[in-house]
Amino acid sequence: MCQYSYTTQMLGLVTLYNPIPEEASANIKRYVHDLDFLIIWDNSSLEKDLKTSILHDLVDAKEKIIWKGDGENRCIAQAINFAWHYAKEHGLDFLLLMDQDSQWEDFAAYRRQIEKKWEQGCHWVFTPYVLGNDEWAIETPIHFRRMFINSGTVIPTDVLTAVGGADETFPLDALDCDLSIRIQKAGGKIACLTTCKLFHTLGSPSKSEKLHLMTNNYNIQRTYSITRGHLRLYRRHKGWLNRNEKIKIIKENLILRFIRIILLETNKRDKLRMFAKGIKDGICEKK
């Protein structure tokens, strides 16, 4: 049962990849009781046996949890599409996307605001203000945004159906941007409820005070995935992206990515090799 009495139904999806079990459980506890169902999509090795430890910590919510995982890392796009089909089949109104590291300030308040807006006929995609990602000053209770990150975003099931779900050619990186753009191309809106806060960390950030530069220390595969994904995004949606968005993609994912690897990160040789492969595949692959 949900902690409050809601008139709509919401399915949650959280993706796991080798988390610290106690931390993942603690983060899930912040929102699971205000969901109708939660899919835990485990991309970790079966040797980790996360299911036993995490479900033990979530025993009071076990009746609403669906655990999926076969020991393979299937990233996020497949997980979203599985959850989307589950929501359609069970008549659920919304899908909440969550990252294992994200922490809610007050998820119940967020859900109540979404339901209130929904009842008023505002059938939007909803996001919180994401601390650690959003950098703009809060000026109004609702801020319509161009892009969302997956974590904390609530998408109406009908909206996902209208755009055909997640594009699995973006298995992880740039997936959220691609979905944001396709939703808006289909006439949807993305509303940030600015009084609702979610703390989210990207990668394992570190900073060089001397160089005034920060890096998220992504591994070799993420270095490739980020580069490839954002170049494909640029090519696919360049007619929709504005000038500043195009500059940001090139600056963040090519120029600064290269500089961070050279100056701040370890395993430079392998990362540069995968960075170059990401550029090649991002430019040459079909849209």
Side-chain angles (χ1 to χ4, degrees), residues 11-19 24 39-46 48 50 66-88 95-102 125 127 133 147-153 155 157 159-161 163-183 185 200-204 216-238 240-241 249 252-254 257 270-271 273-287:
L11 169 67
L13 167 69
V14 58
T15 52
L16 306 181
Y17 183 69
N18 299 329
I39 295 170
I40 299 180
W41 184 276
D42 183 15
N43 283 320
S44 312
S45 167
L46 292 178
K48 300 285 184 179
L50 291 176
I66 302 103
W67 190 282
K68 299 293 293 183
D70 59 7
E72 297 293 326
N73 183 0
R74 302 185 183 281
C75 298
I76 298 178
Q78 282 191 32
I80 291 175
N81 285 339
F82 177 87
W84 163 47
H85 288 295
Y86 186 95
K88 284 198 300 181
L95 174 61
L96 164 73
L97 307 179
M98 287 300 300
D99 180 83
Q100 65 189 27
D101 298 321
S102 298
V125 172
T127 78
N133 184 78
M147 305 282 184
F148 58 71
I149 65 168
N150 287 319
S151 198
T153 296
I155 308 177
T157 306
V159 170
L160 270 175
T161 300
V163 299
D167 183 344
E168 295 187 16
T169 65
F170 290 90
L172 177 60
D173 291 294
L175 164 68
D176 44 10
C177 296
D178 175 70
L179 191 53
S180 298
I181 295 169
R182 289 194 293 117
I183 286 170
K185 283 182 174 180
H200 179 72
T201 301
L202 295 171
S204 302
N216 296 105
N217 292 298
Y218 290 116
N219 62 26
I220 297 169
Q221 286 301 320
R222 286 298 303 277
T223 298
Y224 167 76
S225 176
I226 289 167
T227 308
R228 169 191 173 271
H230 283 90
L231 281 175
R232 290 189 74 245
L233 180 85
Y234 185 102
R235 292 174 57 224
R236 173 176 288 187
H237 299 296
K238 63 183 179 181
W240 186 89
L241 295 165
I249 288 173
E252 289 291 329
N253 301 289
L254 293 180
R257 176 70 51 199
D270 287 339
K271 287 184 179 178
R273 177 172 55 84
M274 296 305 283
F275 176 72
K277 178 175 170 53
I279 292 174
K280 177 183 176 183
D281 290 350
I283 292 173
C284 296
E285 285 181 355
K286 292 181 178 180
K287 299 179 186 180

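Being a predicted model, the structure only gives us computed values, none of them experimental.
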(message) Working to the nearest 0.5 angstrom, can you tell me the gap between Arg257 CZ and Asn216 CG?
(response) 6.5 Å
(request) Without swapping roles, check the side chain of Asn253 against the backbone of Thr227 for a donor-acceptor pair under 3.5 Å. (result) no
(request) Flag the pair Asn219 / Arg222 as yes when at least one side-chain heavy-atom distance between them is below 4.5 Å, and no otherwise. (result) yes
(request) To the nearest 0.5 angstrom, please state how far the CG atom of Asp178 sits from the CZ atom of Phe170. (result) 4.5 Å
(message) Strictly distance-based, threshold 3.5 Å: is any side-chain N or O of Arg235 a donor or acceptor partner for the main-chain N or O of Gly282?
(response) yes
(request) Measure across Thr157 and Ala87 and return the closest heavy-atom pair with its distance rounded to 0.1 Å. (result) OG1-CB, 3.6 Å
(message) Would you compute the distance between atom CG of Leu172 and atom CD1 of Ile226 and round it to the nearest 0.5 angstrom?
(response) 8.0 Å
(request) Begin from the C-alpha positions of Asp99 and Asn150 and carry the test side chain to side chain contact (heavy atoms under 4.5 Å, CB included) through to its verdict. (result) CA-CA 8 Å; Asp99 180 83; Asn150 287 319; over 6 Å; no
(message) Quick check: closest heavy atoms across Leu175 and Ala166, and the distance to 0.1 Å?
(response) CD1-CB, 3.8 Å
(message) Show the nearest heavy-atom pair for residues Ser44 and Asn18, with the distance to one decimal.
(response) OG-N, 2.7 Å
(request) Kindly give the heavy-atom pair with the smallest separation between Thr15 and Ala79, and that separation in Å. (result) CG2-CB, 3.9 Å
(request) Measure the spacing between OH of Tyr224 and CD1 of Ile279 and express it to the nearest 0.5 Å. (result) 11.5 Å
(request) Working to the nearest 0.5 Å, report the span between CG of Leu13 and OG1 of Thr153. (result) 12.0 Å
(message) Could you tell me if the side chain of Leu231 sits less than 4.5 Å from the side chain of Leu254, heavy atoms only?
(response) yes
(message) Please give me the minimum heavy-atom distance between Leu233 and Cys177, naming the atom from each residue.
(response) CD2-CB, 3.6 Å
(request) Using modelled atom types only, decide if a donor and an acceptor are shared between the side chain of Gln100 and the backbone of Tyr17 within a distance under 3.5 Å. (result) yes
(request) Can you establish whether the number of heavy atoms outside Lys68 located under 6.0 Å from its atom NZ is more than 12? (result) no
(message) Would His230 and Asp173 count as a side-chain hydrogen bond (donor to acceptor under 3.5 Å, both in side chains) here? Give the steps.
(response) CA-CA 7 Å; His230 283 90; Asp173 291 294; 5.7 Å; no
(message) Atom NZ of residue position Lys185 - does it have more than 12 heavy atoms of other residues, nucleotides or ligands inside 6.0 Å?
(response) yes
(request) Show your reasoning for whether side chain to side chain contact (heavy atoms under 4.5 Å, CB included) applies to Ile181 and Leu241. (result) CA-CA 9 Å; Ile181 295 169; Leu241 295 165; 4.0 Å; yes
(request) Check the pair Thr169, Arg236 against side chain to side chain contact (heavy atoms under 4.5 Å, CB included), reporting the backbone distance first and the verdict last. (result) CA-CA 12 Å; Thr169 65; Arg236 173 176 288 187; 3.8 Å; yes
(request) Check for a donor-acceptor pair, side chain of Lys271 on one end and backbone N or O of Tyr218 on the other, with a separation under 3.5 Å. (result) yes
(request) Write down the atom of Arg228, the atom of Pro171, and the distance for their closest heavy-atom approach. (result) NH1-CD, 4.1 Å
(message) Donor-acceptor check, side chain of Ser102 to backbone of His200, threshold 3.5 angstrom: yes or no?
(response) no
(request) Please step through side chain to side chain contact (heavy atoms under 4.5 Å, CB included) for the pair Phe148 and Leu179, ending with a clear verdict. (result) CA-CA 9 Å; Phe148 58 71; Leu179 191 53; 4.1 Å; yes
(message) For Asp167, is there an ion pair with Arg232 - N to carboxylate O distance below 4.0 angstrom?
(response) no
(message) Once rounded to the nearest 0.5 Å, what's the spacing between atom OG of Ser45 and atom CG of Leu50?
(response) 9.0 Å
(message) So does Arg74 get a backbone contact from the side chain of Asn43, meaning a donor-acceptor N/O pair under 3.5 Å?
(response) yes
